[in-house]
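Let me begin by presenting the structure, written as structure tokens, before commenting on it.
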Amino acid sequence: MRLLSTLLPATCALALVVDPTAGHSIGSVAHSSFRRPSFFSRVSSVSWLRKQSPILISLPDAAQDADFASWLALQAARSVEGILANIGPDGANVAGQNVNPGVVVASPSRDHPNYFYHWVRDGAITMRALVDEYEKSGNASVKAIIDAYVDNVRSTQWTSNPSGQFGRGGLGEPKFEVDGRPFVGTWGRPQRDGPALRAITLISYARTLQRRGASIDSLRYLYDLIKPDLEYASKFWASPGFDLWEEQQGLHFFTAMVQYKALLLGQEMASDFSDEGAARWYHIQANGLKQFLLSFWDEERGYLIETLASPRSGLDAALLLGAIHGGSDAVFPIHSDMIITTLQALVADMRARYPINEQDSYDSSSFPTAVGIGRYPEDVYSGGDLENSELGNPWFLCTATVAHTLYGLVEHLALSNSGLIISNLTADFYLPFISPTPVMEPHYCDFSATGIWSRSAAILGFMPGSRETEQVISNIFHYADGFLKIVKKHADAEGNMSEQFDRQTGFMRGARQLTWSFESVLGATKMRERAVEAIEKRRAYFERF
């Protein structure tokens with residue numbers, strides 16, 4: 001960690017503890033016994049902001065990066081097209097191949113690797129993206145695809161399979177043939193994230209229909225599909241299963257996160273349908289999951305681990321995916337200190353892991369630059385490449401997931417209308433984004449002089465509107481852009497993305513036109529739009545002074 005004395009002179013000494021699961025802005029500080037120093041008062045901050053307003057954050061000048069700005073708009077549209085192309089029965093990549101309506105095919109690839117299946121997890125995540133598209137546009141054709149997926153869920157839930165029957169473990173089956181038949185080959189089963197993700201998607205669809213005027217009674221058919229998945233999540237969250245990469249059996253952060261979110265949402269939905277016994281049950285199980293999730297924090301390593309009692313390092317892009325698809329304000333939101341320090345550790349590992357990362361550089365400044373991100377450090381899966389089967393590669397979806405997480409952090413920081421608290425836990429992430437240029441105004445507070453050290457102890461605080469606070473927001477935004485620029489570099493000219501790109505050459509490999517690659521990049525671009533809106537609101541807020 002960089003010595004604070006090389007960054008800024010100390011101006012005050014004060015002990016403070018922040019909640020690392022909740023965030024890091026001053027507005028998120030746990031301060032039951034903490035009283036802010038006087039310079040955090042509104043009077044002094046307003047006076048100071050009037051003098052400092054020229055340094056408030058500004059968005060990137062599109063004219064300076066017109067190519068990237070154009071690509072962002074095109075790729076969002078191309079990603080939607082890529083998703084629709086892989087959905088039966090009429091998607092461009094699957095038409096005429098006996099794919100049932102509403103079935104989401106993971107990839108058109110049929111060999112090395114064969115991904116021509118419907119995975120419950122991939123299908124639910126993909127349809128969640130289409131629910132968002134429908135809510136935004138009201139497009140009737142998108143709604144028809146979602147409705148076909150709903151019909152497919154009804155059929156899939158009742159299809160007996162190697163994991164069991166309906167009500168007897170069958171909902172934990174990870175994938176099905178595209179014509180609806182069970183997949184009977186050897187596989188990593190059960191996988192307990194699928195039912196939770198499917199419940200999240202169907203609840204989201206129900207809420208969207210409500211906002212569009214549907215009565216709660218008219219949505220009973222959806223609740224009849226949602227409840228079995230909630231029951232499965234509520235009864236099996238403490239039982240081991242395979243992870244989202246289908247390789248390790250055990251208890252997993254990603255799975256627990258999406259189960260927790262499903263039960264939180266399910267509690268509210270059960271109450272709406274006067275199913276109070278179920279609502280109470282989901283509430284109790286969600287509270288148990290909330291406490292269980294804390295066990296994934298490894299104090300010695302200083303980051304979250306994906307699988308408990310695993311011989312691996314524990315670093316995994318699935319940790320960030322868990323925050324994206326299962327995060328809540330109550331535990332591990334996307335901007336929480338524990339998620340951010342885990343992201344920092346993952347990126348640091350990947351930076352040195354793949355030779356292609358030495359070639360990918362988009363920023364001549366001294367601030368951190370983006371790199372291609374793989375699934376986890378120990379990965380040896382090469383996407384079905386029989387010649388290089390012992391070498392993992394960066395993945396499009398993992399690289400976009402880091403961008404998504406960083407944009408979520410930017411949105412949070414920008415909307416807080418508050419200052420920035422840096423803890424021991426997050427110092428390695430934040431300090432490189434701050435210029436070491438000395439400043440004269442007393443707009444920061446050095447907490448490190450207390451000599452108290454714990455991972456959650458604050459060491460530095462900056463006022464809202466200060467050069468450092470606004471610089472951090474701006475630099476993280478540009479850092480996030482770098483990860484999407486890497487995606488842009490390795491995708492093809494039509495916006496197609498495979499599963500991976502080669503660790504040496506950068507050329508695409510693995511399953512072609514992977515549905516999850518399209519979904520992850522679409523999600524990152526949408527979160528970027530939210531971050532931009534938040535920055536604009538922040539700028540408007542401070543310009544009042």
Side-chain angles (χ1 to χ4, degrees), residues 86-87 100 102-107 115 117-131 146 149-178 180-185 187-205 222 225-263 265-266 282 285 289 306-307 318 321-322 324-326 397 514-516 519-520:
N86 289 344
I87 299 177
N100 282 356
V103 163
V104 179
V105 178
S107 162
Y115 279 13
Y117 298 100
H118 173 82
W119 267 268
V120 174
R121 172 181 47 255
D122 297 37
I125 289 174
T126 300
M127 281 295 160
R128 179 71 177 82
L130 290 187
V131 169
I146 300 170
Y149 168 78
V150 170
D151 290 340
N152 184 67
V153 168
R154 183 180 295 105
S155 174
T156 300
Q157 285 182 335
W158 283 92
T159 299
S160 297
N161 56 69
S163 292
Q165 300 174 339
F166 181 82
R168 297 183 180 180
L171 297 183
E173 182 65 11
K175 71 176 184 179
F176 291 81
E177 302 285 355
V178 298
R181 292 177 296 123
F183 174 77
V184 296
W187 207 250
R189 54 170 66 92
Q191 294 176 27
R192 305 192 189 280
D193 55 353
L197 286 162
R198 192 162 55 193
I200 291 169
T201 294
L202 293 179
I203 291 171
S204 174
Y205 185 42
L222 285 176
L225 301 179
I226 293 166
K227 186 170 181 178
D229 284 342
L230 293 175
E231 291 293 310
Y232 185 92
S234 69
K235 293 174 182 176
F236 288 102
W237 64 261
S239 300
F242 279 84
D243 67 332
L244 81 167
W245 307 128
E246 308 186 296
E247 296 173 351
Q248 284 198 109
Q249 189 171 25
L251 295 167
H252 315 289
F253 179 83
F254 175 85
T255 303
M257 284 287 281
V258 298
Q259 289 169 332
Y260 176 66
K261 182 172 183 177
L263 293 175
L265 298 175
Y282 301 151
Q285 299 309 309
L289 260 167
E306 167 57 19
T307 301
L321 287 163
I324 289 171
H325 296 291
L397 80 88
L514 189 74
T515 307
W516 202 351
E519 182 282 330
S520 63

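Start at 1 with the first residue, then count along the sequence. We use all heavy atoms of the structure for the numbers below, so side chains are in, but hydrogens, waters and symmetry mates are not.
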Please report the closest heavy-atom contact between Val131 and Ser204, naming both atoms and the distance. CG1-OG, 3.4 Å
Side chain to side chain contact (heavy atoms under 4.5 Å, CB included) evaluation trace for Asp229 with Leu171: CA-CA 7 Å; Asp229 284 342; Leu171 297 183; 3.6 Å; yes
Quick check: does any side chain N or O of Ser163 sit under 3.5 Å from a backbone N or O of Pro190, one acting as donor and the other as acceptor? no
Could you check if a side-chain atom of Tyr232 sits within less than 4.5 angstrom of a side-chain atom of Gln157, using non-hydrogen atoms only? no
Assess the side chains of Glu231 and Tyr282: does a donor N or O sit below 3.5 Å from an acceptor N or O? yes
Set of residues satisfying ring-ring contact (aromatic ring centres under 6.0 Å, His included) with respect to Phe176, sequence neighbours excluded: none
Evaluate the side-chain proximity of Val105 to Thr515: yes if any heavy-atom separation is below 4.5 Å, no if none is. no
Using side-chain heavy atoms (C-beta onward) and a distance below 4.5 Å, is Leu244 in contact with Arg121? yes
Is it true that a side-chain atom of His325 and a backbone atom of Met257 form a donor plus acceptor pair closer than 3.5 Å? no
With Trp516 as reference, evaluate Thr126, Ile125, Val104 under the side-chain contact (heavy atoms from CB on, under 4.5 Å) test and give the passing residue. Ile125
Please give me the minimum heavy-atom distance between Phe183 and Glu173, naming the atom from each residue. O-OE2, 3.5 Å
Can you name the ring-ring contact (aromatic ring centres under 6.0 Å, His included) partners of Phe253, sequence neighbours left out? Phe296, Phe332
Here the pair of heavy atoms bringing Glu246 nearest to Pro174 is OE2-CB, 4.0 Å
Is any side-chain heavy atom of Ile87 closer than 4.5 Å to a side-chain heavy atom of Leu130? yes
Counting distance only, does the side-chain N/O of Ser107 pair as donor-acceptor with the main-chain N or O of Leu514 below 3.5 Å? no
Considering non-hydrogen atoms only, spot the tightest contact between Leu225 and Pro228 and give its length. O-CD, 3.3 Å
His118 vs Tyr149 aromatic rings, parallel, tilted or perpendicular, using cut-offs 30° and 60°? tilted
Side-chain contact test, heavy atoms from C-beta onward, threshold under 4.5 Å: evaluate it for Arg192 versus Gln259 and give yes or no. yes
Looking only at heavy atoms, what is the nearest atom pair of Leu230 and Ala199, with distance? CD2-CB, 3.9 Å
Where Asn161 and Pro182 come nearest, the two heavy atoms and their spacing: CB-CB, 3.9 Å
So do the side chains of Phe254 and Val258 get within less than 4.5 Å of each other, counting heavy atoms only? yes
Does the side chain of Trp119 pick up a donor-acceptor pair with the side chain of Gln191 at under 3.5 Å? no
